Amino acid sequence: MPKRTRFTTWRPLATAATAALLATLITPAAVQAAPAAPAAPAAPSGSEPVYSYDNAIREAVWVDTGLDGDRDGKTDRVAVDIVRPREAARQGRRIPVIMDASPYYSCCGRGNESQKKTYDAQGRVAQMPLYYDNYFVPRGYAFVGVDLAGTNRSDGCVDVGGRSDVQSAKAVVDWLNGRARAYTSRTGATRAQAGWTNGRTGMIGKSWDGTIANGVAATGVKGLKTIVPISAISSWYDYYFQQGAPLYDSGPAWLSDYVNSPGARAKCAAVQQKLTEGAPRTGDRTPLWSERDYVKAASKVKASVFLVHGMQDLNVRMKHVGPWWDALAKNGVERKIWLSQTGHVDPFDFRRGAWVKTLHRWFDHELMGIDNGIDREPMADIERAPDRWDTSRVWPPSGTRAATLRPGPGAQAGVGTLGLRRGHGTESFTDDPKLSETDWAARIDRPTPEKAGFVTGPLTRDLRLSGSSEVTVTATPSTPTAHLSAVLVDIGPATIRDYADPGEGITTLTDRTCWGAGTSGDSPCFKETKAKTADVDYTVVSRGWADLGNHASDHKGSPLTPGKRYTITLDLAATDHVVPKGHRLALIVAGTDKDLIDPPADRPQLTLDLSRTSARVPFVGGTTAFARATAGAALAAPDATLLDGVREPRTTQRVPGGDR
């Protein structure tokens, strides 16, 4: 079983012929008085490495955020390190920007090799972590690495996804578009101008970095043309809790303190206190969490989104994909998605060659206006087995509908059936915090006291799940507190990426491959990786958790009355998985999922009313596909409507007057 991991372990479009014209039209307001030179020419197939990386301009500016997070009486300035082609500057060519805003450039490092920024004697960045500058600067892009407020060389305090974090990066986009001020030093008065850029900016980053990209896009800031969030958070509440169930034994105050610079730690006690008070371990949704919910502001997103996530990421779980993807779909955002079998891993480390090629084409299309056809290609790439990928024209696929599956009693207590007909009777289990979803799955064919399991017969054909599921449970607890887990499991042999391994599905090798140009202080060469695989008898497909005390509200919990029956619907994370012919699909309902949620104060026994318990699961082909795969007959009830994004099957407004 994977250990819980926190952030600190993270390793209309233009043709090529009009790209130059776009570069002259989209310019910062502050420099529009000067005539703009054309952009560097690009081949129809893509930008070429025609500029010198060794001779690139390396500089630092400090952008005024307009905030005073550390309360020292001065507005905070965030440090921005820039690498850009010198030849383009000499020719007066304005270029687009690729930006990674991160809290990790000094404290913890970026990427699989934990690289940090390094500086020369003049304070200019000598090594920029990762390959983005090495690869893209020679191709006519500027790369910008932003230190979030409170980290490395920036003023202010880290507020973990709040206003200061997001404004740290948004202010830089504003500066690149002539709407904010920057200076040549942290405390000086000499202004720095961004006359070298056309203002078109793309943000990229993994984990917290990608989260900031989501947050900035949700402000609707002008000039941000695309974001590439990798393993990123869309709502910070869902990083620490799910429906009241605590997922970690620490909170945002701990995380802020970990990444704050020494200077920030000395000034940021008030921010730490606010983070502590605003994030109670009760799991209640407070204003602090509302501020850090980017899904709510998805209607403001103007940038396109290329989303990448591991379907077995147990750090930033797939729960962060479903609501965000659905909100983007609802608002007509141009989008693309890659879903891997890995855990919390960057695509550079699980599909390197294809990733760099695809990312290059994406940025060329979105930032340089090159009509390379990427917008007409399949929306989704999905890893079916280690290094074996399928595509979908749209995601979830057309024809995906939610089927309502119902658990029923089996021949043995604790081992039930899963099908289309309404169940009856009850099943009971006792919470055992020492056991996890993998323990439950391994014992699916045996009645055990810590779970209730329900299984189909062997499938007669492949059955594809695609999107988000939900499980409605009616349970009677024996104690005033109780937590619930629900998991969908593919029962059958398979070879998968070993996401439970410390590498979360990859093995790092000693050989290196090079991606772009380098200098003596900044190598473009990185250790290769390969898939770390495991042979298994079952695969957890999707999972979700809840505090039963949140049965009446997603926002606030309450004590339970022992012996009273409660109904709650658990949201299961989005996924895309094919259950092969001959395998079985299982639903497991249990209590504490060891290492993934914390246990309740009590150790309850819970009794399920099977007639009031069900799972709504999105299948390609809907109820008919499930019925055919299980050799059954569809009931009279029709399929749900076609899925739009992954919004369905969350069909009920479970919070009276709520804003979900």
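Small disclaimer: the values here were computed from a predicted structure and weren't measured.
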Check your understanding: Ring centres of Phe306 and Trp362 under 6.0 Å apart?
Key -> yes

Check your understanding: Sequence neighbours excluded, which residues qualify as salt bridge (Lys or Arg N to Asp or Glu O under 4.0 Å) partners of Glu87?
Key -> none

**Study point:** Under-4.0 Å salt bridge between Lys117 and Asp147
**Key:** yes

**Study point:** Separation between NE2 of His309 and CZ of Arg317, rounded to the nearest 0.5 Å
**Key:** 8.5 Å

Exercise for review: Give the intermediate values and the outcome of salt bridge (Lys or Arg N to Asp or Glu O under 4.0 Å) for residues Asp349 and Lys527.
Suggested key: CA-CA 9 Å; Asp349 296 313; Lys527 291 180 179 178; over 6 Å; no

Review point. Using 4.0 Å as the upper bound for N to carboxylate O, is an ion pair formed by Lys74 and Asp68?
Key: no

**Study point:** Closest non-hydrogen atom pair between Tyr53 and Ala517, with its separation
**Key:** CB-CB, 3.5 Å

Practice item. Could you check Tyr131 against Phe136 for ring-ring contact (aromatic ring centres under 6.0 Å, His included), going step by step and ending with a plain yes or no? Key: CA-CA 8 Å; Tyr131 61 95; Phe136 286 104; 7.2 Å; no

Exercise for review: Check the angle between the aromatic planes of Trp289 and Tyr237 and answer parallel, tilted or perpendicular using the 30° and 60° thresholds.
Suggested key: perpendicular

Practice item. For the pair Trp389 and Trp338, name the ring-plane relationship: parallel under 30°, tilted 30 to 60°, perpendicular over 60°. Key: tilted

Exercise for review: To the nearest 0.5 Å, tell me how far Met368 CE sits from Lys225 NZ.
Suggested key: 15.0 Å

Exercise for review: Answer yes when Lys170 and Asp174 have at least one side-chain N-carboxylate O distance shorter than 4.0 Å, and no when they do not.
Suggested key: yes

Revision key, fill the gap. Arg181 meets the salt bridge (Lys or Arg N to Asp or Glu O under 4.0 Å) criterion, sequence neighbours left out, with none

Practice item. Check whether any side-chain N or O of Trp515 sits under 3.5 Å from a backbone N or O of Phe526 as a donor-acceptor pair, and report yes or no. Key: no

**Study point:** Heavy-atom closest contact (Ile95 atom, Arg84 atom, distance)
**Key:** CD1-CB, 4.1 Å

Review point. What distance do Asp390 atom CG and Glu383 atom CD have between them, rounded to the nearest 0.5 Å?
Key: 10.5 Å

Practice item. Give, for atom CD of Glu528 and atom CG of Asn112, the distance between the pair rounded to the nearest 0.5 Å. Key: 10.5 Å

Check your understanding: Taking Gln115 for the side chain and Gly109 for the main chain, is one N or O donor matched with an acceptor at less than 3.5 Å?
Key -> no

Point to revise | Verdict with supporting geometry, Asp64 and Thr75, side chain to side chain donor-acceptor pair (under 3.5 Å) | key: CA-CA 7 Å; Asp64 192 331; Thr75 55; 3.1 Å; yes

Study note, to complete from the structure: Only one of Asp133, Val125, Val144 passes side-chain contact (heavy atoms from CB on, under 4.5 Å) with Ile82, and that residue is Val144

Review point. So, are Asp371 and Arg376 salt-bridged, with charged N and O less than 4.0 Å apart?
Key: yes

Check your understanding: Does the side chain to side chain donor-acceptor pair (under 3.5 Å) test come out yes or no for His344 and Ser207, once each step is laid out?
Key -> CA-CA 8 Å; His344 201 63; Ser207 216; 2.7 Å; yes

Review point. Can you list the steps and then say if Arg497 with Asp387 is a salt bridge (Lys or Arg N to Asp or Glu O under 4.0 Å)?
Key: CA-CA 9 Å; Arg497 284 191 183 259; Asp387 294 323; 3.0 Å; yes

Exercise for review: Kindly write out the residues that satisfy disulfide bond (SG atoms under 2.5 Å apart) with Cys514, not counting sequence neighbours, or none if the list is empty.
Suggested key: Cys525

Point to revise | Test salt bridge (Lys or Arg N to Asp or Glu O under 4.0 Å) applied to Asp120 - qualifying residues, sequence neighbours left out | key: Arg124

**Study point:** Arg361/Glu377 salt bridge by N-O under 4.0 Å criterion
**Key:** yes

Check your understanding: Around Arg265, counting heavy atoms of other residues, nucleotides and ligands shown, do more than 12 lie under 6.0 Å from its CZ?
Key -> yes

Check your understanding: Going through the distances and angles, do Arg77 and Ser154 end up as a side-chain contact (heavy atoms from CB on, under 4.5 Å)?
Key -> CA-CA 6 Å; Arg77 295 180 182 181; Ser154 291; over 6 Å; no

Exercise for review: Report yes or no: is the cationic atom of Arg153 (NZ for Lys, CZ for Arg) closer than 6.0 Å to the six-membered ring centre of Tyr105, at no more than 45° off its axis?
Suggested key: no

Review point. Ala101: what forms a side-chain contact (heavy atoms from CB on, under 4.5 Å) with it, not counting sequence neighbours?
Key: Val146, Leu148, Ala169, Met203, Ile212

**Study point:** Among Leu176, Val216, Val80, Ile227, side-chain contact (heavy atoms from CB on, under 4.5 Å) partner for Met99
**Key:** Leu176

Practice item. Of all the heavy-atom pairs spanning Lys222 and Arg179, show the shortest one and how long it is. Key: O-NH2, 2.6 Å

Check your understanding: Any salt bridge between Asp209 and Arg110, counting N to O under 4.0 Å?
Key -> yes

Point to revise | Shortest non-hydrogen contact between Arg163 and Asp159, atoms and distance | key: N-OD2, 3.1 Å

**Study point:** Residues Lys296, Glu291: salt bridge by 4.0 Å N-O rule
**Key:** no

**Study point:** Side chain to side chain, Arg86 and Ile57, heavy atoms closer than 4.5 Å
**Key:** yes

Practice item. Look at the aromatic rings of Trp208 and Tyr104 and report parallel, tilted or perpendicular, splitting at 30° and 60°. Key: perpendicular

Review point. Do Arg200 and Glu366 pass the salt bridge (Lys or Arg N to Asp or Glu O under 4.0 Å) test, and can you show the C-alpha distance, the side-chain angles, and the key distance before you say yes or no?
Key: CA-CA 9 Å; Arg200 296 177 68 90; Glu366 300 300 304; over 6 Å; no

**Study point:** Worked verdict on Asp293 versus Trp236 for side chain to side chain donor-acceptor pair (under 3.5 Å)
**Key:** CA-CA 6 Å; Asp293 185 352; Trp236 281 87; over 6 Å; no

Review point. Distance from Asn152 atom CG to Asn260 atom CG, nearest 0.5 Å?
Key: 12.0 Å

Practice item. Name the orientation class of the two ring planes belonging to Trp175 and Trp196 (parallel below 30°, tilted from 30 to 60°, perpendicular beyond 60°). Key: perpendicular

Exercise for review: Output yes when Lys267 and Asp155 qualify as a salt bridge under the 4.0 Å nitrogen-oxygen rule, no when they do not.
Suggested key: no

Point to revise | Residue Arg191 excluded, over 12 heavy atoms near CZ under 6.0 Å | key: yes

Study note, to complete from the structure: All heavy atoms of Ser47 vs all of Tyr141, minimum pair found to be OG-CE1, 3.8 Å

Review point. What's the shortest heavy-atom distance between Tyr119 and Gly123, and which atoms?
Key: CD2-O, 3.5 Å

Point to revise | Side chain proximity check, Asn315 to Tyr239, heavy atoms < 4.5 angstrom | key: yes

**Study point:** Side chain proximity check, Leu224 to Thr219, heavy atoms < 4.5 angstrom
**Key:** no

**Study point:** CD1 on Ile370 to NE2 on His360, rounded to 0.5 Å
**Key:** 7.0 Å

Exercise for review: Please determine if Asp100 and Lys206 form a salt bridge, counting it only when a charged side-chain N lies under 4.0 Å from a carboxylate O.
Suggested key: no

Revision key, fill the gap. Disulfide (SG to SG under 2.5 Å) pairs touching residues 139-183, sequence neighbours excluded, are Cys157-Cys268

Point to revise | Heavy-atom donor-acceptor pair, Thr211 side chain to Ala232 backbone, under 3.5 Å | key: no

Check your understanding: Just checking, Arg139 and Tyr135: is the charged tip under 6.0 Å from the six-membered ring centre and within 45° of the axis?
Key -> yes

